[in-house]
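As structure tokens, the structure follows; a few thoughts come after it.
Because only heavy atoms are used, hydrogens play no part in the values below, and waters and symmetry mates are left out as well, while side chains stay in. Remember, predicted model here, so these are calculated numbers, not experimental data. A note on names: the letters A, B, ... follow the listed sequences, proteins ahead of strands, and every chain is numbered from 1.
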Amino acid sequence: MRFGVVRFPGSCDDVDALAAAKRVGDAVILWHAERDLRGADVVVIPGGFSYGDYLRAGAIARFAPVMAEVIEFAHEGGLVMGICNGFQVLCEAGLLPGALLPNVSLRFVCRQVDLDVVNDQTPFTGACDLAETLSIPVKHTTGRYYAPPEELLELSAGGQVVLRYAEGHNPNGSLEDIAGVCNEPRNVFGLMPHPEHAVDPLTGSAGGLRIFESLRAHVDGRVAV
Amino acid sequence: MRARVLVRPKEGILDPQGQTVHRALEALGFAGVRDVHVGRLIELELDDSERLPEMCERLLANPLIEDWEIEDDHRAPEREADRP
Amino acid sequence: MRARVLVRPKEGILDPQGQTVHRALEALGFAGVRDVHVGRLIELELDDSERLPEMCERLLANPLIEDWEIEDDHRAPEREADRP
Amino acid sequence: MSTVASLSETPRHRQLGLTDHEYELILERLGREPNTVELAMLSLMWSEHCAYKHSRKLLRRLPTSGPHLLMGPGENAGAVDVGGGLALAFKVESHNHPSAVEPFQGAATGVGGILRDIFAVGARPIAVLDSLRFGEPERSERSRYLLGRAVAGIGHYGNSIGVPTIGGEVYFEPSYEQNCLVNAMCLGIAPRERLIRSAAAGPGNLVVLLGALTGRDGIGGASVLASAELGEGDEAKRPSVQIGDPFAEKKLLECCLELLDRGLLVALQDLGAAGLTSSISEMVSKGGVGVELDVSHVPLRESAMEPFEIMVSESQERMLCVVEPPRFDEVLAVCQRWETLATAIGEVTDSGHVRVLDHGEPVADLPVHVLVDDCPLYDLKPAPPAREAAGGEAPVAQAGGRGSDAPTLLALLRSPNICSRRPLFEQYDWIVQSRTVRRPGQTDAAVLALPDGSGIAVSIDGNGRRVYADPRRGAAEAVFECAANLACVGAEPLGVTNCLNFGNPEKPTVAWQLTEAVEGVASACEALDVPVVGGNVSLYNEAPAGPIFPTPVIGIVGKLPDVARAGRLGFAREGDAIALVGPFEPSLAASELEKLWGQPPIGPLPDADGGLLRHLHAKIREGVRSQTLRSAHDVAEGGVAVALAECCMAGRIGARVELHDALDSFGEAPGRGFIVSGPADALERWADSEPSGACTMIGEVCGDALQIVSRLSLPVDELLRAWGEGLDKFF
Ligand SMILES: Nc1ncnc2c1ncn2[C@@H]1O[C@H](COP(=O)(O)OP(=O)(O)O)[C@@H](O)[C@H]1O
Ligand SMILES: [Mg+2]
């Protein structure tokens with residue numbers, strides 16, 4: 001299977017995401033200015049500060065040429081995962097519900113947090129167990145998840161809330177401790193924590209690997225079918 | 001021509017920046033401040049303002065979380081007159 | 001009463017945000033945009049606006065790199081009327 | 001009005017900071033009067049910042065050779081060989097004055113500047129560290145403001161550009177109230193063969209400016225020229241605060257590295273202080289060539305800039321490179337891909353002159369050596385302060401048994417200089433690039449993994465309070481402490497960088513502090529046999545109340561063969577034995593406890609035997625590498641009691657120890673004492689090995705309280721409560 005990791009001019013965690021993806025499959029960089037997904041089975045929009053995050057995080061990146069392809073891919077059911085800035089981009093692009101607002105502290109926060117898996121029936125969490133706790137770092141200034149109250153209800157009811165910060169671990173004031181959500185068909189997923197930075201105990205923890213493994217298993221299963 | 005776009009957090013959405021400024025003003029001894037909100041000011045120099053609403057919708061504001069408003073040319077004072 | 005403070009980068013000071021938004025608007029096909037600057041909009045609800053200039057100098061703006069301007073009450077439309 | 005009048009009566013050269021003597025020298029060397037543009041260029045090149053006129057002679061005292069050295073002082077950054085075909089470039093630099101004026105942008109552009117120094121030598125920046133000094137945060141609102149904004153600025157730049165900030169230090173003393181210190185250090189790696197120097201070469205080659213547009217940013221001393229020439233209403237032409245744009249720098253960084261990977265550059269140099277003038281002069285001076293450039297080719301952000309303004313502008317996010325003409329198109333293509341502006345602004349010549357044109361008309365023509373080499377170097381006139389005579393003996397260390405030390409320990413743990421730094425370093429991304437094996441708070445030195453499974457370690461240290469008390473020993477201590485931090489993770493030091501933050505060197509006392517401190521750094525580096533590969537000097541750090549504490553900041557990088565065996569500072573296992581290691585004879589002189597008591601720092605500090613320390617550090621290092629030691633931590637601020645508390649808190653486990661009666665719980669002797677733990681018999685065998693030195697078994701890891709027999713007993717939770725809130729209330 002192949003991951004495609006998008007690189008915007010201000011992407012920072014693209015190399016990390018590429019390396020993490022390579023632990024479970026093949027992975028290539030997708031250049032923001034090219035409308036080419038290079039045959040990727042899964043598109044990863046990595047963290048960083050695409051376009052310096054000026055205006056609103058993700059607002060400008062969402063118009064990059066490659067994003068037109070990503071949006072089409074997503075509408076056709078392709079797997080897309082946005083991490084941190086990538087999550088912001090997917091919300092801005094309308095592929096995911098809600099928006100991300102400045103942390104309540106108004107400060108950047110880099111911290112290892114615990115996450116509860118609240119839906120293990122997605123391509124991104126299939127290898128996890130329900131209520132499993134993943135230890136994964138966050139690092140962002142704009143990560144407070146927001147959606148209007150009615151929409152929040154629907155998200156919860158529809159299983160679109162995939163990850164929540166464990167009790168006492170919400171680093172940014174996200175509504176209902178939401179750390180990651182997916183779209184209704186469950187092929188697009190965004191999360192503020194950085195699974196690509198949790199793939200090796202040597203550099204922290206390995207909780208994030210579960211997400212890459214889930215994707216691998218999902219794609220393999222699908223290919224086999 | 002010149003135009004201004006004012007973007008502000010939608011009512012009802014927590015605005016920690018506004019709250020922080022509010023607290024800081026009080027701490028500095030400014031009494032009688034009841035509420036503060038912080039948003040964005042975008043000033044443009046452009047040939048015509050016809051497409052401004054579209055710019056706001058597509059890029060300058062996120063309608064889910066922000067309201068926007070356009071102030072057109074004649075109300076925007078000159079730069080030189082900025083300082084009171 | 002209500003008041004608005006508009007804070008903008010001083011002329012000549014690098015405004016990377018403005019530059020980036022400018023390029024983005026062009027890339028989106030909005031022609032005829034000549035210049036863009038991004039600043040802050042601060043909206044206050046307060047008893048009287050007498051000390052507003054002092055608030056600007058001391059807290060709301062950074063006078064080293066920003067200019068500020070006060071728009072007083074009557075020009076600020078109601079929140080409810082924000083959307084055109 | 002009167003100031004304007006008197007200003008215009010002052011000769012231009014003096015307004016620009018040149019002495020009459022220096023100006024006469026310029027007249028003599030040139031055989032004529034310099035014009036406005038030339039005077040602006042010369043005044044900057046002959047400034048302290050560029051010419052090091054008060055420090056260069058002293059810096060010669062620093063040892064600069066060593067077996068791992070690849071690039072020493074003189075280049076944008078020094079570099080050492082870390083094996084596996086990789087070079088490690090690193091440097092520390094100050095941005096004190098800009099940060100005191102506008103802390104967010106000052107600190108941010110400080111990080112931007114040191115990053116450029118690193119990629120200017122062809123290395124990819126892999127880590128940043130910061131060293132910060134402010135006034136007392138409890139008493140001073142200004143200090144809290146500076147702290148908050150400077151930290152936010154560092155984070156803003158480092159986090160946005162994707163370089164982790166993996167360590168640093170912050171201290172608070174009243175002497176930094178007006179003049180805060182913001183020093184930033186950067187490390188970068190490169191394949192050895194990609195290291196590039198800044199010497200321009202090849203007459204006919206193009207000089208190409210890369211990156212941001214040029215504006216009136218930070219037109220430093222030369223602003224006098226502007227104000228002298230501008231009339232009323234020209235306010236906009238005043239020099240302005242530099243604003244950092246990490247997004248532009250990220251693209252510039254990737255662009256430069258790609259240009260180097262493709263072998264398209266002859267030379268590369270960043271634009272920093274004194275802008276184009278300094279960069280071009282340095283490049284042609286090092287290459288023994290000349291240059292002709294036309295300022296009308298420089299892409300501008302503002303209209304109607306004067307030639308001198310373009311030559312001295314300090315606009316950020318710009319680089320200068322030399323390109324062979326046939327390769328220019330390829331260069332343009334790479335730059336376009338990275339959305340980075342590239343403009344040929346001139347040509348290398350063999351004239352030995354820097355010739356500046358404006359639309360083809362000459363506006364300056366100066367011999368390179370006059371710009372770069374002819375500035376006089378001054379001898380300092382050091383004199384120790386009067387207090388030395390009355391200084392006398394160090395305060396007698398108080399022995400144990402004076403009742404409970406518990407309240408004292410808690411007070412120290414709460415104090416701003418010792419409490420937890422978590423609220424600060426959480427504002428920095430320390431994980432991006434996936435190399436960080438030991439993050440802030442886990443160890444004394446940060447540790448990064450290299451591709452071959454080895455690791456590098458880095459630490460930054462300096463204690464102005466102690467250097468003030470005893471400049472020579474205090475400065476030497478900073479080197480020893482930094483090296484001790486490396487030993488605790490199992491790393492061997494490879495190279496040193498330093499930033500000398502001092503007051504006005506024309507004052508005899510400051511001159512003495514500087515001279516003594518450089519001697520201290522030099523002798524300590526010699527004793528440890530590690531070269532100084534580069535650094536920076538920041539003088540005139542003064543406020544009306546007087547100079548700052550003399551603050552040499554030391555950064556050391558080291559290497560460990562197996563990164564998976566990097567040490568930790570926290571006690572690891574119940575039942576492990578604890579030892580106090582080292583020729584450790586602490587004193588309360590200039591200690592944090594004395595500070596708590598409100599006493600001024602007075603020397604002398606206890607002396608250190610550098611030769612002995614070198615062996616001791618090697619022994620600690622070997623103990624960590626062989627995993628005999630399950631924890632290692634050096635004793636620094638707050639003495640043994642604080643060090644023990646830190647080991648307990650990091651490991652979330654208690655300890656019971658007994659200290660020799662003569663040993664003060666809170667006495668300090670940085671770099672000389674270590675708290676280590678490990679399995680009892682292995683630890684004892686290790687303790688007996690050479691050099692056995694002073695190695696005392698003092699207790700064991702146990703329970704959930706720190707107990708120092710007959711002195712104190714405190715639950716670890718209580719320690720954590722006192723220490724943990726830390727700096728939070730100041731942000
Ligand atoms: N304290 C010091 N110790 C050793 N080398 C120093 C010191 N200060 C400056 N240098 C060296 O002098 C050269 C010029 O320094 P600097 O002007 O700061 O360089 P840049 O303009 O590249 O920032 C550099 O090679 C630097 O490493
Ligand atoms: Mg340099």
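- With contacts defined as side-chain heavy-atom distances shorter than 4.5 Å, the pair Val7(C)/Glu66(C) qualifies.
- Here the CG atom belonging to Asp15(C) is positioned 10.0 Å from the CD atom belonging to Glu43(B), to the nearest 0.5 angstrom.
- Taking 4.5 Å as the limit, some side-chain heavy atom of Val5(B) sits within range of a side-chain heavy atom of Leu52(B).
- The most heavy-atom pairs under 4.5 Å with chain B, out of His22(C), Gln17(C), Arg51(C), come from Arg51(C).
- Contacts of Leu60(C) with chain B are made by side-chain atoms alone, with heavy-atom separations under 4.5 Å and no backbone atom involved.
- Using a 4.5 Å cut-off between heavy atoms, Leu59(B) touches chain C through its side chain atoms alone.
- Of the charged side-chain nitrogens involved, none lies within less than 4.0 Å of a carboxylate oxygen, so that Arg4(C) and Glu69(C) do not count as a salt-bridged pair.
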